[in-house]
Amino acid sequence: IWVSSPIEFAEGDNFKIRFNNDWPDNRGLANADESLEEGTPKGAVADGQNIVAVAGKASVVYDSNNESLYLLGWGLTGSLSGLSWDYDVPLYLDADGNWIAKGIDLSGEFKLRYQADWDQNYGGAAQIGTFSLEASGSNMVLEGASGLYDVLFNATDLTFTISVAE
């Protein structure tokens with residue numbers, strides 16, 4: 001999964017994802033009538049339609065495993081999986097409006113933040129199961145983390161659920 005640095009888009013900007021700064025291998029949207037939304041994957045296709053940006057700052061997510069594109073909403077950041085605090089593992093919306101990610105290595109410290117920015121972030125006492133989050137709370141550490149986990153963030157009641165990945 002590739003996540004761009006935050007990009008400042010002007011109204012009416014168009015873009016595509018391209019690889020190695022070259023056009024022969026690029027991705028756009030399958031449908032010209034679609035636009036990218038936070039956490040809602042849209043089909044990406046080779047030589048697809050230009051993506052019309054909405055004015056404002058956003059990070060673009062490209063998931064090559066599922067050939068999808070979307071805008072980063074909520075993400076996990078930290079030293080989890082040996083990553084750095086400069087990278088966000090993107091969450092996406094499920095059918096119930098929860099933000100989820102599957103098959104995540106939660107070894108290390110992590111926090112939840114919105115749009116790769118620290119203005120809105122959450123932490124707390126991580127555990128298997130559901131627990132409450134605190135605004136600007138402590139870094140989360142899942143003691144004894146081993147293997148892969150699924151996570152679910154309920155933005156309405158500010159709870160976070162960790163379960164062993166199936």
Side-chain angles (χ1 to χ4, degrees), residues 1-78 80-106 110-122 130 133 135 148-166:
I1 295 178
W2 173 83
V3 181
S4 75
S5 299
I7 302 166
E8 189 68 43
F9 290 107
E11 191 66 39
D13 280 352
N14 289 275
F15 68 96
K16 286 187 179 183
I17 303 296
R18 62 184 183 157
F19 305 95
N20 298 318
N21 203 27
D22 199 7
W23 285 108
D25 193 8
N26 71 82
R27 297 294 183 275
L29 291 177
N31 186 340
D33 297 330
E34 290 185 316
S35 61
L36 295 185
E37 300 173 18
E38 288 182 355
T40 305
K42 305 287 174 124
V45 295
D47 296 319
Q49 301 293 318
N50 285 346
I51 302 162
V52 179
V54 176
K57 186 169 84 169
S59 294
V60 178
V61 178
Y62 170 62
D63 183 343
S64 61
N65 296 320
N66 299 310
E67 281 298 328
S68 62
L69 290 160
Y70 56 100
L71 297 179
L72 179 67
W74 289 99
L76 295 177
T77 188
L80 68 163
S81 302
L83 299 171
S84 77
W85 289 89
D86 296 327
Y87 181 82
D88 285 73
V89 175
L91 279 64
Y92 60 92
L93 285 166
D94 69 7
D96 297 322
N98 296 306
W99 293 85
I100 63 173
K102 296 180 177 277
I104 305 296
D105 176 354
L106 293 178
F110 58 96
K111 289 186 92 165
L112 183 69
R113 68 180 179 175
Y114 185 66
Q115 293 184 339
D117 192 86
W118 290 108
D119 287 347
Q120 195 172 2
N121 73 86
Y122 293 96
T130 302
L133 295 172
L148 301 177
Y149 298 88
D150 295 340
V151 299
L152 180 146
F153 170 53
N154 182 315
T156 303
D157 63 12
L158 298 180
T159 57
F160 199 77
T161 304
I162 299 174
S163 57
V164 175
E166 297 178 7

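When a residue number appears, it is its place in the shown sequence, counting from 1. None of these values were measured; they are calculated from a predicted model. No hydrogens, no waters, no symmetry mates; every other heavy atom, side chains included, goes into these values.
Between the side chains of D47 and N26, at least one donor N or O lies within less than 3.5 Å of an accepting N or O. For the 3.5 Å distance criterion, the side chains of Y62 and E67 qualify, holding a donor opposite an acceptor. Judged purely by distance below 3.5 Å, without hydrogens or angles, the side chains of E38 and Q115 pair a donor atom with an acceptor atom. Defined by atom type and a distance below 3.5 Å, a donor-acceptor pair is missing between the side-chain atoms of S68 and N66.
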Residues I7, K57; criterion side chain to side chain contact (heavy atoms under 4.5 Å, CB included); working and verdict: CA-CA 5 Å; I7 302 166; K57 186 169 84 169; over 6 Å; no
Test V151 against T161 for side chain to side chain contact (heavy atoms under 4.5 Å, CB included), laying out the working first. CA-CA 6 Å; V151 299; T161 304; over 6 Å; no
Apply side chain to side chain contact (heavy atoms under 4.5 Å, CB included) to V89 and V3, showing your working. CA-CA 8 Å; V89 175; V3 181; over 6 Å; no
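By the 6.0 Å contact criterion, CG on D22 is enclosed, its count of non-hydrogen atoms from other residues, nucleotides or ligands being greater than 12. Within a 6.0 Å radius of CD in E166, other residues, nucleotides and ligands contribute 12 heavy atoms or fewer.
Contact of the F153 side chain with the L158 side chain is registered, since non-hydrogen atoms from C-beta on lie closer than 4.5 Å. Under the 4.5 Å side-chain criterion, counting only non-hydrogen atoms from C-beta, F9 is in contact with V60.
Distance check, rounded to the nearest 0.5 Å: OG1 of T40 to CG of L93 gives 5.0 Å.
Salt bridge annotation for D88-R113: present, with a cationic side-chain nitrogen under 4.0 angstrom from a carboxylate oxygen.
Here the shortest heavy-atom pairing between F110 and I162 reads CZ-CD1, 4.4 Å. The shortest non-hydrogen separation linking V61 to L71 is CG2-C, 4.4 Å. Looking at every heavy atom in both residues, W99 comes nearest to G39 through CZ3-CA, 3.5 Å. Closest of all the heavy-atom pairs between A30 and Q49 is O-CG, 4.2 Å. Here the closest heavy-atom approach between residue L91 and residue G75 is recorded as CD1-CA, 3.8 Å. Considering all non-hydrogen atoms of both residues, D150 and G103 come closest at OD1-N, 3.0 Å.
Between F160 and W74, the gap from one ring centroid to the other reaches at least 6.0 Å.
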